[in-house]
Participant: 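Have a look at this one before I ask anything.
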There are 2 protein chains.
Amino acid sequence: MRDHNEQVHTTMNEPQLMSQNRVKPIKRETFSNQIAANLRRAIISGEIESGSQITESDLAARFGVSRGPLREAMGQIAAEGLIETIPYTGTRVLKLSPEDVREIYSLRTSLETLAFREVWERRDEAFVRELEIRHKALLETLALDDHVASSEAEVRFHSLVYETCGHKLLLESWRRIAGRMQLYLAEHQRAHGRKAPIEDAHERYLQLAVGNSLALMLEEIDAHMQRGFRQMEQYLSFAD
Amino acid sequence: MRDHNEQVHTTMNEPQLMSQNRVKPIKRETFSNQIAANLRRAIISGEIESGSQITESDLAARFGVSRGPLREAMGQIAAEGLIETIPYTGTRVLKLSPEDVREIYSLRTSLETLAFREVWERRDEAFVRELEIRHKALLETLALDDHVASSEAEVRFHSLVYETCGHKLLLESWRRIAGRMQLYLAEHQRAHGRKAPIEDAHERYLQLAVGNSLALMLEEIDAHMQRGFRQMEQYLSFAD
DNA sequence: TTATTGTAGATTGTCAACAATTTACTATTA
DNA sequence: TAATAGTAAATTGTTGACAATCTACAATAA
């Protein structure tokens, strides 16, 4: 848990390396950030169960860290909505209700609509290529049985338009709900042993996203979200 | 700064009071939350200037509190976007660029459109009354010269639809940008000695919000936002 | 037996000290 | 003089202890 920050070594006898790869600034990663990443993963993977009560002391012991940075990490995760903290009382892991899921889909529709409006004229080859890479990655995770990886791949696929559109606030808004969406996707798969998403759904999304008609793409966003939501409804009624 | 929580006293010889007013649960307010509120206000009021570098030790001394809860408060304010923290380096107060303001308006348009779609069939007398109360409060602050109060009143006026629509995630998204919007409004007024908003703009907004045509209201949201943004552009060109 | 009260234990929030890192300033070198 | 190196000071991040608060359990009263 106590990693040492790796320094980037540049050797003087490799001038080609120097000219081809930009030397990126080193960003110091706080310990509490690392704990937050572990905690996020533990929640999404189901290791820490939705709806369960968690305590700082217990988690600090489990992760082998002191309470201070663990508490900061929890603050971050709470800001992302994956846990809910009531002062002086305790903290509970988010348990998504059907209504929560409906909200995720409806808000996503609005945000993704805006994102595509913003990005439409600025799509370029890099965007297309990256979207295809992420789509391929998504399909590949479906061959595995890793709920965390495939839910993450789906979030990454949908994230590209936000990352590309140059609207910081919108990207931030997306990031705020992406964790919840990933939690839902991972849980859904665990609960139903079903591989999500439907494969051809994202194929069509991809084709329209790189296509020539914004209107068609916006219709597809609507349809894509409604399909996602209807699928969830189906599984809920089947589970009951 | 160290307030004591006030207890609600119920006297036994006032049964009428008991039956008419619900005894509300007491919510414990953490110290760090209180600090966050003060810090938020100091930023929005301009007491702590946009773009300025702030340090935990300095603020802790200024507020007369210890660094721990001050640090937590700063974490909260950072999550709201009013300050930006770079690990191990420092924290800067948000300085809104014209592009930031454009983003606020475009995202608000999407969110407020969704909010009115969600709320339209569930508007009732209480909604109408409350919107009128908040509109009136907004007009009253215009008579004063208090940038913080009037910017706050404008945010409150626009908040009602989010609070009413029953979409938690949407309310949360709104709250994430509301602080930035208030900061912009307050700064704008300070910089230009102009009373914002234009008075009849909110009159029209109110009429349509309580009216019968969702389509007209959605057009007004678009128009309202475009007017706001155009006004900002005007002031920017005038200031240069 | 059920309801109420009191208290111990568990947990959360704050505090102050220490560790880690960065920034600013000074001295040295070219 | 400008650039570089070294170091002190300032600041951020973490730690462990203490204070404040809540919850669970035991004892008492009805």
Side-chain angles (χ1 to χ4, degrees), chain A residues 1-8 10 12 23-39 48-49 51-79 82-94, chain B residues 1-8 10 12 23-39 48 51-79 82-93:
Chain A
M1 194 63 85
R2 292 284 181 101
D3 302 326
H4 291 282
N5 203 29
E6 298 292 333
Q7 299 288 342
V8 179
T10 313
M12 282 300 138
V23 176
K24 299 183 197 169
I26 299 170
K27 295 219 169 183
R28 183 79 177 110
E29 180 80 347
T30 62
F31 191 36
S32 64
N33 266 0
Q34 293 172 51
I35 297 171
N38 281 4
L39 181 55
I48 298 177
E49 214 177 308
S52 64
Q53 190 88 355
I54 57 177
T55 71
E56 294 176 12
S57 11
D58 183 47
L59 282 186
R62 270 168 74 167
F63 286 147
V65 302
S66 82
R67 254 185 69 224
L70 186 280
R71 181 178 172 82
E72 283 208 12
M74 283 170 78
Q76 283 183 54
I77 300 295
L82 292 186
I83 58 176
E84 184 181 0
T85 292
I86 300 182
Y88 288 105
T89 302
T91 300
R92 191 169 290 278
V93 179
L94 176 67
Chain B
M1 190 64 82
R2 291 284 179 102
D3 301 324
H4 292 281
N5 204 33
E6 300 292 331
Q7 299 286 344
V8 178
T10 312
M12 281 301 140
V23 178
K24 299 181 197 170
I26 300 170
K27 295 219 172 184
R28 185 77 178 111
E29 179 82 346
T30 62
F31 191 35
S32 62
N33 265 2
Q34 293 173 49
I35 297 172
N38 280 4
L39 180 54
I48 299 179
S52 65
Q53 191 90 350
I54 57 176
T55 71
E56 292 174 13
S57 10
D58 183 49
L59 282 187
R62 270 168 73 169
F63 286 148
V65 302
S66 85
R67 258 184 65 226
L70 186 280
R71 182 178 170 82
E72 281 206 15
M74 282 172 76
Q76 281 184 54
I77 300 294
L82 292 187
I83 59 177
E84 185 179 1
T85 293
I86 301 182
Y88 288 106
T89 303
T91 300
R92 191 169 290 278
V93 180

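Below, chain A is the first sequence line, B the second, and so on; all start at residue 1. All figures in this text were calculated on a predicted structure; none of them were measured in a lab.
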Participant: Sequence neighbours left out, what passes side-chain contact (heavy atoms from CB on, under 4.5 Å) with B:Ser52? Give chain and number order.
Facilitator: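 Listed in chain order: B:Ile48, B:Glu49, B:Ile54, B:Val93.
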
Participant: Hey, can you pull the residues of residues 85-93 of chain B with a non-hydrogen atom under 4.0 angstrom from DNA chain C?
Facilitator: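 Close to the strand are B:Tyr88, B:Thr89.
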
Participant: Let me confirm one number: the CG-CD1 distance from B:Leu39 to B:Ile77, rounded to the nearest 0.5 Å.
Facilitator: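 Separation between the atoms: 5.0 Å.
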
Participant: Specify the separation, in whole Å, of atom CD of B:Glu72 and atom P of C:dA16.
Facilitator: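 Roughly 16 Å, once rounded to whole Å.
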
Participant: Rounded to whole angstrom units, what separation is found between the CG atom of B:Asp58 and the P atom of D:dT11?
Facilitator: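 Going from B:Asp58 (CG) to D:dT11 (P), I get 8 Å.
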
Participant: Using the side-chain hydrogen bond (donor to acceptor under 3.5 Å, both in side chains) criterion, which residues pair with A:Gln53? Sequence neighbours excluded.
Facilitator: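 A:Gln53: side-chain hydrogen bond (donor to acceptor under 3.5 Å, both in side chains) contacts with A:Arg92.
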
Participant: Measure the distance from CG on B:Leu59 to C1' on D:dT11 and round it to the nearest whole Å.
Facilitator: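 Those two atoms, CG and C1', are 13 Å apart.
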
Participant: Which one, D:dT12, C:dA16, C:dT12, comes nearest to the side chain of A:Glu56?
Facilitator: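 The answer is C:dT12.
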
Participant: I'd like a table of atom pairs between the protein and nucleotides 17-19 of chain D - only N or O on both sides, under 3.5 Å - with the distance next to each one.
Facilitator:
none

Participant: Going by side-chain hydrogen bond (donor to acceptor under 3.5 Å, both in side chains), name the residues that satisfy it together with B:Asp58, two or more places apart in sequence or in a different chain.
Facilitator: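 For B:Asp58, no residue satisfies side-chain hydrogen bond (donor to acceptor under 3.5 Å, both in side chains) once neighbours in sequence are set aside.
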
Participant: Send over the distance from B:Gln53 CD to D:dA10 C1', rounded to a whole Å.
Facilitator: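 Going from B:Gln53 (CD) to D:dA10 (C1'), I get 12 Å.
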
Participant: Tell me which donor-acceptor pairs under 3.5 Å the side chains of residues 82-90 of chain A have, and how far apart each pair is, sequence neighbours excluded?
Facilitator:
residue : atom : partner : partner atom : Å
A:Thr85 : OG1  : A:Thr91 : OG1          : 3.1
A:Thr89 : OG1  : A:Pro87 : O            : 3.2

Participant: Take the protein atom CD of A:Gln34 and the nucleotide atom C1' of C:dA20, then report the distance between them rounded to whole Å.
Facilitator: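 Nearest whole value for this atom pair: 14 Å.
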
Participant: Mind calculating the distance between CG (B:Leu70) and C1' (C:dT14) to the nearest angstrom?
Facilitator: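 Going from CG in B:Leu70 over to C1' in C:dT14 covers 12 Å.
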
Participant: Minimum heavy-atom separation for A:Ala36 and A:Ala73, please, with both atom names.
Facilitator: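 Minimum heavy-atom separation between A:Ala36 and A:Ala73: N-CB, 3.5 Å.
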
Participant: Within the structure, does a side-chain N or O atom of B:Ser32 lie under 4.0 Å from either OP1 or OP2 of C:dT14?
Facilitator: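 Answer yes for this pair, as a side-chain N or O of B:Ser32 is under 4.0 Å from OP1 or OP2.
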
Participant: Grab the CD-P distance between B:Glu29 and D:dC22 for me, whole Å please.
Facilitator: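 Rounded to the whole Å, the gap is 13 Å.
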
Participant: Rounded to whole angstroms, how far apart are CG on B:Asn33 and C1' on C:dT12?
Facilitator: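 Rounded to whole Å, this separation is 13 Å.
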
Participant: Step by step, would you call B:Ile35 with B:Gln76 a side chain to side chain contact (heavy atoms under 4.5 Å, CB included)?
Facilitator: CA-CA 10 Å; B:Ile35 297 172; B:Gln76 281 184 54; over 6 Å; no

Participant: Mind checking what makes side-chain hydrogen bond (donor to acceptor under 3.5 Å, both in side chains) contact with A:Thr30, not counting sequence neighbours?
Facilitator: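 So A:Thr30 forms a side-chain hydrogen bond (donor to acceptor under 3.5 Å, both in side chains) with A:Ser32.
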
Participant: Return the set of residues passing salt bridge (Lys or Arg N to Asp or Glu O under 4.0 Å) with B:Arg71 (not counting sequence neighbours), or none when no residue passes.
Facilitator: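 Listed in chain order: A:Glu72, B:Glu56.
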
